[in-house]
Amino acid sequence: FQAEDGIRDRSPSRGLGDVYKRQGLSQITLSQEKKLNIIAIGAHPDDCDFKFGGTAALFAKMGHNVKFLSLTNGDAGHQSEGGGALGNRRRQEAINAGKALGIAEYQTLDNHDGELLPSLQVRHQVIRAIRKWNADIVLGHRPNDYHPDHRNAGKVVVDASYMVIVPNVCPDTPPLSKNPLFLYMEDNFTKPYPHEPDIVVSIDNIIELKIDGLHAHTSQMYEWLPWTNGGDEILAKIPTTNNERRKWLSKRVKNRSNNIDSIKRISLVKWYGKDLAQKVKYIESFEVAEYGMQPSDNDIRSLFPMLKK
């Protein structure tokens with residue numbers, strides 16, 4: 001149901017949806033003491049950091065278990081480096097970013113950058129990763145994006161969203177007893193439809209950690225991504241000292257995280273109340289996928305314990 005304000009109705013009366021009804025499972029209730037297991041799955045090292053880094057750091061600060069999984073090793077993402085050397089560099093950058101964010105693990109698979117396909121092999125890698133993490137929440141790309149790796153990473157997570165509970169699929173890894181909550185991380189694309197901000201999280205108190213995490217991806221923040229936006233001319237304008245680089249990155253991350261339109265503001269009011277929502281400056285936004293768990297508002301508050309009025 002889409003309400004007139006653009007925010008989907010997830011009131012408790014709607015229950016957990018047909019999938020959970022068929023399995024005979026009642027509404028989830030999680031105590032504050034329960035440690036949640038969250039896995040964010042991106043196409044490249046740095047994808048999850050951009051879209052979920054702040055909320056991931058919040059979860060980690062609250063004592064929950066957060067893992068980032070990159071489905072490729074990023075070995076094509078540079079204008080002058082490549083292959084195994086670049087893949088190893090980006091793997092280490094990801095490890096450093098994970099430490100900066102305080103998350104439990106940042107894993108990088110060895111699939112080649114620019115060649116990711118939603119194959120059975122990759123689907124099985126994702127199914128096993130979700131099961132081994134015993135995930136309560138799984139985040140991924142939407143399957144519409146400018147980069148084919150992003151699109152295919154999104155599709156393969158969607159393809160895994162039911163199979164994680166099927167015992168005869170990847171029988172070497174015990175199946176989950178219930179489907180996790182699957183979420184799409186935000187993007188700016190509008191076809192076939194724009195991102196829907198079902199859950200909007202304030203990252204005001206953690207924005208500096210998000211910047212620290214992205215700052216660890218030196219090859220991307222200060223080399224490759226600037227080069228893709230203007231070649232050597234733009235690259236020559238990037239600061240060279242560590243402090244100046246971080247200041248330069250901080251401005252851009254804060255501008256990007258401050259993109260709060262009217263629909264996101266409505267979602268903020270829903271989750272934080274009007275008074276707190278008006279004070280929020282920096283956010284991350286997530287859309288509930290139509291696969292896996294279909295949560296009520298109470299379920300979302302249990303799974304996102306930082307959402308408090």
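- For N258, there are no side chain to side chain donor-acceptor pair (under 3.5 Å) partners, not counting sequence neighbours.
- Residues R256 and F50 are in side-chain contact: their nearest non-hydrogen atoms beyond the backbone lie under 4.5 Å apart.
- A donor and an acceptor atom, one from each side chain of N242 and H215, are located under 3.5 Å apart.
- N88 and Q92 form no side-chain donor-acceptor contact under 3.5 Å, judged by distance and modelled atom types alone.
- For residues 41-61, the set of pairs meeting the salt bridge (Lys or Arg N to Asp or Glu O under 4.0 Å) definition, not counting sequence neighbours, comprises D46-R90.
- Under the 4.5 Å side-chain heavy-atom criterion for grouping Ile, Leu, Val, Met, Phe, Trp and Tyr, W227 is not connected to I234 through any hydrophobic cluster.
- Cluster note: F189 groups with Y146 through ILVMFWY side-chain heavy atoms spaced under 4.5 Å, whether in direct contact or through intervening members.
- A side-chain N or O of S285 and one of H195 form a donor-acceptor pair less than 3.5 Å apart.
- Within the structure, side chain to side chain donor-acceptor pair (under 3.5 Å) contacts touching residues 120-129 (residues at least two apart or in different chains) are N111-Q125, R128-D172.
- Between K270 and D297 a salt bridge is recorded (basic side-chain N to carboxylate O distance below 4.0 Å).
- Applying the side chain to side chain donor-acceptor pair (under 3.5 Å) test to T55 and every residue at least two apart in sequence or in another chain returns E284.
- Residues P143 and Y184 have side chains in contact (heavy-atom distance under 4.5 Å, counting atoms from C-beta outward).
- Two residues are said to be in side-chain contact when any heavy atoms from C-beta on lie closer than 4.5 Å; T72 and H112 fail this criterion.
- Side chains of E81 and S219: a donor-acceptor N/O pair is absent below 3.5 angstrom, by distance only.
- For residues 99-111, the pairs satisfying salt bridge (Lys or Arg N to Asp or Glu O under 4.0 Å) are K67-E105, R91-D110, with sequence neighbours left out.
- Taken together through direct or relayed side-chain contacts under 4.5 Å among Ile, Leu, Val, Met, Phe, Trp and Tyr, L101 and I95 form parts of separate hydrophobic clusters.
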